[in-house]
Amino acid sequence: MLFLDLFGTVVFAISGALVACRKGMDVFGAFVLAIVTAMGGGTVRDLQLGTDIFWMQQPIYLWIAVAAAIITLAMRTRIESKQQWLLLADALGLAAFTVIGVDKALSFECAPIVAVVMGVLTGAGGGLIRDVLAGQSPMIFYRDIYATAIIAGAGIYQLLLYVQIPVGISAIICMAVVLGMRLVALRRSLSLPSFLL
Amino acid sequence: MLFLDLFGTVVFAISGALVACRKGMDVFGAFVLAIVTAMGGGTVRDLQLGTDIFWMQQPIYLWIAVAAAIITLAMRTRIESKQQWLLLADALGLAAFTVIGVDKALSFECAPIVAVVMGVLTGAGGGLIRDVLAGQSPMIFYRDIYATAIIAGAGIYQLLLYVQIPVGISAIICMAVVLGMRLVALRRSLSLPSFLL
Amino acid sequence: MLFLDLFGTVVFAISGALVACRKGMDVFGAFVLAIVTAMGGGTVRDLQLGTDIFWMQQPIYLWIAVAAAIITLAMRTRIESKQQWLLLADALGLAAFTVIGVDKALSFECAPIVAVVMGVLTGAGGGLIRDVLAGQSPMIFYRDIYATAIIAGAGIYQLLLYVQIPVGISAIICMAVVLGMRLVALRRSLSLPSFLL
């Protein structure tokens with residue numbers, strides 16, 4: 001799980017640095033977007049839970065995000081051309097962050113719907129802040145099945161825990177649900193309906 | 001008061017969901033904007049007061065906002081056509097949120113000006129975050145008398161409490177001030193002056 | 001130090017009020033941008049440190065920012081024409097806020113890189129929130145050497161403290177570094193490189 005956590009941090013940091021490159025930001029902008037994309041969601045989650053911010057206790061997360069940003073800047077055209085792999089890696093990171101967010105919320109005895117919100121925040125909050133800082137419409141409000149996969153995974157995870165499935169198995173099923181929904185949505189270009197006015 | 005609190009939550013959630021529809025967001029975007037508009041201001045207030053976030057203790061607020069969003073999506077053209085009623089309801093919700101924000105700040109022994117800031121945050125903070133997430137200029141910085149009504153109400157409320165007027169009567173007068181200023185501003189299209197450069 | 005702190009608050013508040021004028025906001029918008037630019041960075045820093053927000057304990061900061069905004073609105077064309085002085089004052093405020101941010105982080109026993117982040121937040125966070133609220137691209141991600149000066153100053157400051165240089169001398173050297181880098185960057189129009197995609 002720790003490995004998947006660090007993996008998600010790297011993948012999200014890369015996505016932040018790439019957005020900074022596309023927007024013509026300087027090196028500092030790339031560092032900030034990498035850090036914010038990878039750690040922004042968890043930061044808001046920890047603030048709302050009233051607990052210590054995870055990266056202030058373990059600054060290794062900051063170093064990882066900065067390192068990922070530097071490598072991304074150096075190899076940006078190469079990385080940009082691997083869109084398929086980036087999307088797959090992003091789905092895997094998303095699955096891991098969902099489990100982490102729900103687990104942390106449950107350890108604070110949050111209500112089930114609050115734990116879902118914390119899963120969404122952990123998985124999608126960083127990308128949302130990235131988009132606001134980069135001055136672009138938050139992709140998550142328009143683009144295919146993304147948050148929906150987190151909500152489904154977080155719901156099923158809590159259901160499995162409720163019926164006494166061991167936590168390890170429940171977590172793997174939760175991640176499979178998130179990953180599976182993301183991959184199906186990507187392959188078929190599925191989207192949620194929108195209700196125009 | 002609890003009734004007015006829930007009423008304000010519903011009205012603000014509707015306003016968030018309507019913005020999401022206008023911007024062509026999907027269902028998830030509508031849920032997030034509804035939740036953020038209704039609860040974002042109170043969340044920032046509670047974070048700054050260093051207390052537990054109100055909706056994490058009482059998740060019923062989350063359910064109400066989501067339910068209001070669903071109903072709004074289903075009846076969006078009908079609701080959209082009732083602009084007059086929406087503005088009236090919004091003014092009433094604003095009045096209630098002002099009292100709630102000031103009360104909470106005073107219960108933490110905040111200074112008077114800090115209590116005014118908390119009233120403004122509670123009443124107008126959610127709409128501000130909604131506008132930032134939707135990528136539109138925050139209406140509150142441009143549009144007629146809105147925050148000013150909160151500031152006036154919050155100031156008069158504290159003045160009345162200071163001269164020992166019972167809290168119930170003070171709260172009603174405060175809400176009447178906010179509501180009255182909003183309605184006069186709407187009817188006469190009053191605005192604050194701006195100082196162009 | 002207290003003097004420099006209040007000086008920085010005034011300068012940053014002026015910069016917020018000027019942006020509000022340029023964007024055609026009303027008086028309330030000018031107040032909010034002044035407050036947010038001057039105190040937004042320190043607020044996010046204090047939230048993340050899990051400590052009381054500084055201006056809730058000492059509301060004088062709020063009054064100073066509001067007073068600075070009023071004066072700016074009244075004398076806006078005069079102030080706007082003094083760009084050279086504004087940039088110099090901003091650099092001085094930035095230097096002071098860097099020391100304050102790092103000091104506060106170290107008093108909570110943060111790791112060195114976390115203290116650098118807190119210095120950057122204190123110095124540059126307010127301007128970042130100002131730009132997001134005003135709907136403009138955050139200058140700090142594009143414009144010349146700004147955050148870089150904070151990072152260098154915060155790094156050198158901690159290095160000096162680590163080798164047992166007295167805190168007063170270390171702080172003055174830190175501020176000289178930030179100020180010097182800003183002035184050289186302004187005079188020569190230096191910028192960080194960006195990596196376009």
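- Within 6.0 Å of CD on Gln83(C) lie more than 12 heavy atoms contributed by other residues, nucleotides or ligands.
- In terms of heavy atoms, Gln48(C) sits closest to Thr43(A) at NE2-CG2, 3.2 Å.
- Summarising the geometry, atom OH belonging to Tyr146(C) is positioned 13.5 Å from atom CG belonging to Asp26(A); distances are rounded to the nearest 0.5 Å.
- With a 4.5 Å cut-off on non-hydrogen atoms, Leu33(A) touches chain C through its side chain but not through its backbone.
- With a 4.5 angstrom heavy-atom cutoff, Val32(A) touches chain C only via side-chain atoms.
- Phe7(A) pairs by the ring pair (Phe, Tyr, Trp, His ring centres under 6.0 Å) definition with nothing, not counting sequence neighbours.
- Looking at Thr51(A), there are no atoms closer than 4.5 Å to chain C (heavy atoms on both sides), in backbone or side chain.
- When heavy atoms are compared at a cutoff of 4.5 Å, Leu73(A) approaches chain C by way of both its backbone and its side chain.
- Side-chain contact between Leu128(C) and Leu133(A): present, with at least one pair of heavy atoms (C-beta onward) separated by less than 4.5 Å.
- The CD1 atom of Ile145(C) lies 11.5 Å from the CZ atom of Phe28(A); values are rounded to the nearest 0.5 Å.
- Considering only residues two or more places apart in sequence or on other chains, Val114(A) meets the side-chain contact (heavy atoms from CB on, under 4.5 Å) condition with Cys110(A), Ala111(A), Met118(A), Trp55(B), Met56(B), Pro59(B), Leu62(B).
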